[in-house]
Engineer: 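Would you mind keeping the following structure in view while I ask a few things?
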Amino acid sequence: MSDVSTALAIVLPEHLHDIVNAVRAKHDSAYPRWPPHINLIFPFIPLSEFTVAIPSLQAALQTVPPFALRLDAVGHFSQATRQATYHLKPSDSAGICAVFAAVSKALPHVATRQGKFRAHLTMGQCDKGELNGKIADLEEWLGAGITFAIHKISLLSRDPCDRRVPFRVVSTIELGQL
């Protein structure tokens, strides 16, 4: 059973929050509810099942060494007929795909979205007619990209009765050693 009040994600390091959130605060409707993150699985499992899932995740992630991730490209997803979500993405996603594969193997009973995993950090939403301008602005802001070390994943939760309450990190799981 999936739960929209929980997520398994990579939360960006604290020193990047202000930089990324300066853009997200203006353009991302989910900004107040989410820290800057890349979802691995959302919706995830009920909070009450975290203690059962954590040992499986720990074992699986010991085979994945920490790595540097560079968000150096801009992409988008079409939403409703006239809406789009634009995001940062890595041009090299091998490391984060290894994390996703390990997580998927550790929790085969947890439903993931159909199709290929596409690592991304949502930056905003807009009408499709505004998309080219938003992408150009974001590419200019991004420059050569943002690079950071990934050495853990986070289990997040929010109040299931009030979706306005922000997600918070409940637990983290370290990746394996280099």
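In this chain, residues are counted from 1 in sequence order.
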Engineer: Taking salt bridge (charged side-chain N to carboxylate O under 4.0 Å, His left out) as the test, write out the residues that go with R82, two or more places apart.
Structural biologist: none

Engineer: Output all residues satisfying ring-ring contact (aromatic ring centres under 6.0 Å, His included) with F50, sequence neighbours left out; order by chain, then residue number.
Structural biologist: F44

Engineer: Taking side chain as C-beta onward, heavy atoms only, is K89 less than 4.5 Å from R118?
Structural biologist: no

Engineer: Work out which heavy atom in T6 is nearest to a heavy atom in F42; give both atom names and the distance.
Structural biologist: O-CD1, 3.2 Å

Engineer: Can you name the side-chain hydrogen bond (donor to acceptor under 3.5 Å, both in side chains) partners of R70, sequence neighbours left out?
Structural biologist: T147

Engineer: Should we count NZ of K105 as having more than 12 external heavy atoms under 6.0 Å?
Structural biologist: no

Engineer: Can you give me every donor-acceptor pair (side chain of residues 95-103, partner residue at least two apart or in another chain, under 3.5 Å) with its distance?
Structural biologist:
none

Engineer: For side chain to side chain contact (heavy atoms under 4.5 Å, CB included), just list the numbers for Y31 and K26, CA-CA rounded to whole Å, side-chain angles, deciding distance to a tenth of an Å, and then say yes or no.
Structural biologist: CA-CA 9 Å; Y31 159 76; K26 295 176 188 172; over 6 Å; no

Engineer: Between F148 and L71, what is the shortest heavy-atom contact and its length?
Structural biologist: CE2-CD1, 3.8 Å

Engineer: What are the two closest heavy atoms between P13 and H17, and how far apart are they?
Structural biologist: O-CD2, 3.1 Å

Engineer: Using only atom types and a distance under 3.5 Å, with no angle test, would you say the side chain of D92 pairs donor to acceptor with the backbone of A94?
Structural biologist: yes

Engineer: Roughly how far apart are I38 CD1 and S154 OG, rounded to 0.5 Å?
Structural biologist: 11.5 Å

Engineer: Among all residues two or more places apart in sequence or in another chain, which pass the salt bridge (charged side-chain N to carboxylate O under 4.0 Å, His left out) test with R24?
Structural biologist: D28

Engineer: So do H87 and L121 actually touch side chain to side chain, heavy atoms under 4.5 Å?
Structural biologist: no

Engineer: For T122, which residues count as a side-chain hydrogen bond (donor to acceptor under 3.5 Å, both in side chains) partner, sequence neighbours excluded?
Structural biologist: none

Engineer: For R158 versus R163, what's the shortest heavy-atom pair and its separation?
Structural biologist: NH1-O, 3.8 Å

Engineer: Might you confirm whether atom CG of D18 has over 12 heavy atoms from other residues, nucleotides or ligands at distances under 6.0 Å?
Structural biologist: no

